[in-house]
Amino acid sequence: MQNGTSANGAMEFFNLKSMPHITRVLDRNQKIQPSILHVIGNTPLVKLERIPKSEGVQCDMYAKCEYLNPGGSVKDRIAYRMVLDAEKKGILIPGKSVIIEPTSGNTGIGLALAAAVKGYRCIIVLPEKMSDEKVNTLLALGTEIIRTPTEAPSDSPESNIGVAKRLVKEIPDAVLLDQYNNVCNPLAHYDGTAEEILWSLDDDVDMLVIGAGTCGTISGTAHKVKERCPKCIVVGVDPYGSILAQPDELNVSDVQMYEVEGIGYDFLPRVLDRKVIDRWVKTDDKGALTMARRLIREEGLLCGGSGGAAMCAAVKAAKSLKPGQKCVVLLPDNIRNYMTKFISDQWMEARDLKPVITNDKIWWWNSVVTEKMVSPISTVKHNATPSDALAALQQSNRDVVAVVNDKGSVRGIFSADNARRRLINLSGSLSEDLEKFLVKKYYKVDLINKTTLGAVSRLLDIAPYVVVVETDISSHIQKPLGIITSEDLLKHITTNKPMNGH
Ligand SMILES: Cc1ncc(COP(=O)(O)O)c(C=O)c1O
């Protein structure tokens, strides 16, 4: 026998019948599911232990694990409900209709799941900010994807909502299910999510904390919970940079970019009913994403960033509850969507959401970036053509050039890699605006911030080059000094290595 296990030893090892058993009650009515769509909902409500204790929360806290839905998020519920409703009304015709939807990704994945099972063509219009993981899931499900600029206001033709509305007019048999205005969005939660929470806690819930995006989840769930348990305090969670919490106090200039995906908007969707929301808590990226990482590490709940935002708000709001009272926090989506984002230490460090790891054993780790070690980079003006940028690229010995505005401040990066990608896109051509060719994701370090080589090395773990700039404090002009690649860093540390350096 291999590993010295005797035949008798193996029999003893596999004497499974006689061992102590742990058995669970099986749902005999659901031996087989007709399709994956029938598995949507009925997510578990899980008691939280370590975080409430360490945060000094007295009441019981429970997580509604929506991330365990088959498509990975709470939005599977509404996607399936909207499809069923539209089919019943004859608006969606299997084999003929094309589903088009603007989304932050998860409704798209829910719709793509339904479209894959039912055989619809599906086109999802998605802002650039949303993760590549969501894009890859959508592609795997057979969806066509159109990306739109994150910064485009929702009422502009360039936004994901604007583009989807245009496509519906252009593509024959296209149907926009429209999660922002479709009553099936809150209804799916009124009939499903809320019923499940009430059933799990025997209609006794003191607080419900839910992140607000379209607001279908919070509005629909709150309506039913308040009917059956009027004492329940409903807390809406809204990121700084969004207007959902204070629509009257803010104006458009308060709308800012934030990293957490799926929550917050610059307009009030029709499926938001502010009457059923008792309190709002604002959250920031650092608090939300740090808490999402804690939910994963300390509670084993593999959720996304908006779950972290909801938990962050819940920990604050639940401090007003007493022992024995019950607070439910909803975790909308899954870690899968963020594997290269907040799950990555380097990604968090690059955005100052976490301190850069220390490494005292490496001699250069704490040295500061200086102008001397930066390789110069060519620049082109933002109003140049992509052909001009390509020519500048070919003349320089680098595969990137910096694109600057009229004052010489960095506006973006033009890279050979990104230009190739743009040109294989059917709509891409060298006669387009240079803006369309710019690399959206790149890292910039400013000499005045005295960034360490250790921090640069961490950035190079997740990006091929780091652009070094120098900011003029009075004019805020960010002059590009050059770039640092792994090659530059290696050259610097090998040529400057002290006698006793590692
Ligand atoms: C990750 C994530 N969290 C929260 C939400 C908010 O849900 P709702 O649109 O029902 O307000 C969404 C919506 O897309 C989401 O994708």
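We count ligands from 1, going down the list as the structure has it; atoms in each ligand are counted the same way. It should be emphasised that the depicted structure is a prediction, and the values quoted were computed from it without experimental measurement.
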Colleague: Are Lys53 and Glu49 within salt-bridge range, i.e. N to O under 4.0 Å?
Modeller: no
Colleague: Assess whether a salt bridge exists between Asp284 and Lys286, defined as any Lys/Arg side-chain N lying under 4.0 Å from an Asp/Glu carboxylate O.
Modeller: no
Colleague: Does Ile218 come within less than 4.0 Å of ligand 1, judged by its heavy atoms?
Modeller: no
Colleague: I need the contact type for Ser104 against ligand 1. Using non-hydrogen atoms and a strict under-4.0 Å cut-off, is it side chain, backbone, both or neither?
Modeller: side chain
Colleague: Could you tell me whether some N/O pair between Gly213 and ligand 1 is separated by less than 3.5 angstrom?
Modeller: yes
Colleague: Determine whether any heavy atom of Ser73 lies closer than 4.0 Å to an atom of ligand 1.
Modeller: no
Colleague: Considering only the protein, which heavy-atom contact is closest to atom 15 (C) of ligand 1, and what is its distance?
Modeller: Gly262 CA, 3.5 Å
Colleague: Ion pair present between Lys226 and Asp278, side-chain N to carboxylate O less than 4.0 angstrom?
Modeller: yes
Colleague: What do you reckon, does Ser306 have a nitrogen or oxygen under 3.5 Å from a nitrogen or oxygen of ligand 1?
Modeller: yes
Colleague: Looking at Pro332, which atoms of ligand 1 are within less than 4.0 Å of one of its heavy atoms?
Modeller: 2 (C), 3 (N), 4 (C)
Colleague: I need the single residue from Arg50, Lys319, Lys316, Arg294 that forms a side-chain hydrogen bond (donor to acceptor under 3.5 Å, both in side chains) with Glu55. Which is it?
Modeller: Arg294
Colleague: So, is Lys75 polar-close to ligand 1, with some N/O to N/O distance under 3.5 Å?
Modeller: yes
Colleague: Can you list the atoms of ligand 1 that are under 4.0 Å from a heavy atom of Glu261?
Modeller: 1 (C), 2 (C)
Colleague: Closer than 3.5 angstrom, by distance alone: can the side chain of Asn182 be matched with the main-chain N or O of Leu177 as a donor-acceptor pair?
Modeller: yes
Colleague: Is it the side chain (CB and beyond), the backbone, both or neither of Thr214 that lies under 4.0 Å from ligand 1, heavy atoms counted?
Modeller: both
Colleague: Does an N or O from Thr107, backbone or side chain, lie closer than 3.5 Å to an N or O of ligand 1?
Modeller: no
Colleague: Determine, step by step, whether Asp85 and Lys89 satisfy the salt bridge (Lys or Arg N to Asp or Glu O under 4.0 Å) criterion, reporting the C-alpha distance in whole Å, the side-chain angles of both residues, the deciding distance to 0.1 Å, and the verdict.
Modeller: CA-CA 6 Å; Asp85 177 71; Lys89 290 178 177 150; 2.9 Å; yes
Colleague: Heavy atoms only: which of Ile78, Thr217, Thr103 lies closest to atom 7 (O) of ligand 1?
Modeller: Thr217
Colleague: Counting each atom of ligand 1 from 1 as listed, which ones have a heavy atom of Ile263 under 4.0 Å away?
Modeller: 4 (C)
Colleague: Given 3.5 Å as the limit, does a donor-acceptor pair link the side chain of Arg336 with the main chain of Leu302, or not?
Modeller: no
Colleague: Would you say Ala212 and ligand 1 have an N/O pair spaced under 3.5 Å apart?
Modeller: no
Colleague: Does the pair Lys341/Glu133 count as a salt bridge with the N-to-O cut at 4.0 Å?
Modeller: no
Colleague: With a 4.0 Å cut-off, would you call Arg293 and Asp345 a salt bridge?
Modeller: yes
Colleague: What I'd like to find out is whether the side chain of Val260 reaches to under 4.5 Å of the side chain of Pro239, using heavy atoms alone.
Modeller: no
Colleague: Could you tell me which atoms of ligand 1, counted from 1 in the order shown, lie closer than 4.0 angstrom to a heavy atom of Cys215?
Modeller: 8 (P), 9 (O), 11 (O)
Colleague: Under a 4.0 angstrom heavy-atom cut-off, which atoms of ligand 1 come close to Asn106?
Modeller: 1 (C), 2 (C), 15 (C), 16 (O)
